[in-house]
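Notes follow once the structure below has been shown.
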Amino acid sequence: MNYRFPKEEKLKSKKCIELLFSEGSSVSKFPLKLIYTATSLPKDVPVQAGVSVTKRRFKKAVTRNRIKRLMREAYRLHKNDVFNTISTSYAFMFLYIGKQEPTFEEIEKSMIRLLQKFLERTATENTPLK
RNA sequence: CAAGCAGGCUACCUUAUCGCUGCUUCUUUCGAGAAGGAGAGGAAAGUCCGGACACCAUAGUGCAUUGUAGCGGAUAACAUCCGUCCGUCGUGAGACGAGGACAAGUGCAGCAGAAAGAAUGUACAGGUAAUGCUGUAGUGAAAUCAGGUAAACUCUACGAGGUGCAAUGCCAUGUAUAUGAACGCUUAAGAGCGGCACGCUCAAUGUUCAAGGGUAGGCAGAUAAAAGUUACUGGUAACGGUAAUUUUAGAUAAAUGAUAAGGCUUAGACAGGAUUCGGCUUAUGGCCUGCUUUUUUA
């Protein structure tokens with residue numbers, strides 16, 4: 001089991017992020033939203049993921065940092081389900097769409113459900129192709 | 001004890017598990033792994049001043065524009081800081097102050113008053129060819145004698161070029177001209193150049209030679225500095241000098257978190273570096289010191 005979240009698994013390329021926002025699909029489980037797309041990645045990893053919190057909802061940098069940390073932590077603990085299931089590589093972007101500062105418990109529950117929904121969605125998308 | 005004034009310090013801690021970003025050493029199947037050690041603030045914030053640094057001319061001259069303004073000092077520099085005088089406020093500890101000049105010119109001015117400067121006149125007296133021509137009274141802080149006002153123009157002294165690390169330099173990739181050099185043409189218009197003028201540099205098209213630009217990526221800039229601590233020393237102080245000693249974030253879609261348990265003033269406020277320093281301003285939990293006033297007690 002791999003609970004690490006090293007540099008290689010972070011979404012960094014500006015090109016990938018633009019592609020993600022223009023062509024990506026999304027699933028959401030309040031207060032989280034996941035934008036994803038199947039793409040080739042510069043590094044040899046299953047998924048590259050990034051997190052984002054809009055400045056509009058949270059003015060203070062401290063709050064934004066905290067939410068991003070919580071999201072990264074929840075992803076780190078539960079990403080293995082995804083890694084073990086998917087066959088192609090994906091780019092992820094997690095957005096926080098709530099308006100209140102959450103607790104880790106809320107984020108963790110939402111993250112588990114969100115990743116499950118993502119797996120269900122990709123499974124149905126891939127079935128007709130086969 | 002209460003109310004208040006001034007200043008300083010600090011910014012939850014401990015353990016376990018998982019995890020993040022650099023650094024050093026070792027191992028390596030060159031993918032990486034292991035160990036050690038380091039890892040946000042007093043305001044990192046607002047971006048309000050002043051520097052360093054980079055490029056544009058080693059940023060020059062005049063005007064315009066604009067900043068500062070008792071006096072003396074500190075400093076790389078400042079609108080900051082220190083000392084001091086004066087003024088205002090406060091019982092006081094203290095706080096605050098755009099505190100140079102109305103000795104050149106222009107402007108502005110409530111009430112009262114005929115009239116506050118280009119306009120006119122009341123009463124009494126004097127005087128004249130005639131006239132507010134002269135004096136006194138009257139209004140007012142101030143009456144053809146001037147005064148007040150410069151967070152009014154202005155004057156004086158000193159200062160200010162512009163753009164900001166997404167600056168700037170280099171590397172690889174790579175396609176076709178928006179690049180560079182030389183020659184030649186022109187001396188008009190234009191660009192750098194930003195309010196204007198001067199001045200400086202470049203310079204259409206063409207020929208030859210050389211290699212670039214956009215876009216995405218990497219490296220440098222980029223963390224050792226007007227640095228901290230201690231001792232001695234000069235100075236009322238800000239601050240300076242000498243010696244010893246320490247190394248203290250360096251990311252780039254952006255690192256400090258999560259979970260569990262325990263403790264404490266019982267959920268610990270305000271709040272997250274982004275080229276970097278000195279200030280100012282604003283937000284804010286706790287603790288300590290000195291002082292003032294009133295009352296009580298001795």
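Chain naming here is simple, since letters A, B, ... match the order of the sequence lines and numbering starts at 1 in each.
- B:rC193 sits 16 Å from B:rU61 when the C1' atoms are compared, rounded to a whole Å.
- Regarding A:F94, its CZ atom lies at a distance of 13 Å from the P atom of B:rA254, rounded to whole Å.
- Here the side chains of A:R66 and A:V62 are not in contact, with every heavy-atom distance at 4.5 Å or above.
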Next on the checklist: The test is side chain to side chain contact (heavy atoms under 4.5 Å, CB included); show your working for A:M93 and A:L34 and say whether it passes.
Outcome noted: CA-CA 6 Å; A:M93 177 60 75; A:L34 168 63; 5.9 Å; no
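- The CZ atom of A:R72 sits 16 Å away from the P atom of B:rU259 (whole-angstrom rounding).
- Across the protein-nucleic acid pair, A:I112 atom CD1 and B:rU259 atom P stand 13 Å apart, rounded to whole Å.
- Pairing partner, B:rC71: B:rG83, with both Watson-Crick or wobble hydrogen-bond distances short of 3.5 Å.
- In this structure, the CE atom of A:M111 is 15 Å from the P atom of B:rA258, given to the nearest Å.
- Taking atom P in both B:rU65 and B:rC153, the straight-line distance is 12 Å, to the nearest Å.
- Base orientation for B:rG42: syn, the chi torsion being within 90° of 0.
- Taking a pair to require two hydrogen-bonding distances under 3.5 Å in either a Watson-Crick or a G-U wobble arrangement, B:rU128 remains unpaired.
- At whole-Å resolution of the value, CG in A:L77 and C1' in B:rG19 are 8 Å apart.
- Taking atom C1' in both B:rA222 and B:rA167, the straight-line distance is 14 Å, to the nearest Å.
- Note that OG of A:S110 and CE of A:M71 are 10.0 Å apart. Values are rounded to the nearest 0.5 Å.
- Look at the P atom in both B:rA79 and B:rA98: the space between them is 13 Å, to the nearest Å.
- Linking ILVMFWY side-chain heavy atoms closer than 4.5 Å, directly or via other members, places A:L115 and A:I112 in two distinct hydrophobic clusters.
- Spacing between B:rU245 and B:rA16 at atom P, rounded to whole Å, works out to 36 Å.
- When both distances must be under 3.5 Å, the Watson-Crick or G-U wobble mate of B:rC170 is B:rG218.
- Atom CD of A:E108 and atom C1' of B:rA260 are 13 Å apart (whole Å).
- Taking 90° from 0 as the syn/anti boundary, the base of B:rA258 is oriented anti.
- Put simply, the side chain of A:R69 and the base of B:rG272 share a donor and an acceptor less than 3.5 Å apart.
- With a cut-off of 3.5 Å on both pairing distances, B:rA298 has no Watson-Crick or G-U wobble partner at all.
- Listed pair A:R64 / B:rA271 fails the phosphate criterion, with no side-chain N or O lying under 4.0 Å from OP1 or OP2.
- Remark: B:rC183 base-pairs with B:rG206; criterion is Watson-Crick or G-U wobble with both hydrogen-bond distances under 3.5 Å.
- Atom P of nucleotide B:rA40 and atom CZ of A:R66 are separated by 17 Å, given to the nearest angstrom.
- Taking atom C1' in both B:rG22 and B:rU247, one finds a spacing of 16 Å when rounded to whole Å.
- Residue whose closest nucleotide on RNA chain B sits further toward the 5' end, between A:V62 and A:L70: A:L70.
- Nucleotides B:rG257 and B:rG19 are separated by 8 Å at their C1' atoms, to the nearest Å.
- Figure legend. B:rA32 is base-paired to B:rU27; pairs are counted as Watson-Crick or G-U wobble with both atom distances under 3.5 Å.
- Comparing the C1' positions of B:rA172 and B:rG192 gives an interatomic distance of 32 Å, to the nearest angstrom.
- If you check distances only, the side chain of A:E73 never reaches the base of B:rG19 with a donor-acceptor pair under 3.5 Å.
- With a glycosidic angle more than 90° from 0, B:rG126 adopts the anti conformation.
- B:rA224: glycosidic angle beyond 90° from 0, hence anti.
- If you take OH of A:Y75 and C1' of B:rG19, they are 14 Å apart, rounded to a whole angstrom.
- Note: A:R69 CZ to A:R72 CZ = 7.5 Å, rounded to the nearest 0.5 Å.
- The hydrophobic cluster containing A:L77 also contains A:L70, counting ILVMFWY residues as joined when their side-chain heavy atoms lie under 4.5 angstrom apart, directly or transitively.
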Next on the checklist: Let's go through A:M111 and A:F94 carefully: what are the C-alpha distance in whole Å and the side-chain angles of both, what is the deciding distance for side chain to side chain contact (heavy atoms under 4.5 Å, CB included) to 0.1 Å, and is it a yes or a no?
Outcome noted: CA-CA 10 Å; A:M111 180 62 75; A:F94 292 96; 3.7 Å; yes
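- Taking syn as a glycosidic angle within 90° of 0, B:rG100 does not qualify and is anti.
- Remark: B:rG257 base-pairs with B:rC18; criterion is Watson-Crick or G-U wobble with both hydrogen-bond distances under 3.5 Å.
- For B:rA274, there is no paired nucleotide, since no Watson-Crick or G-U wobble pair has both relevant distances below 3.5 Å.
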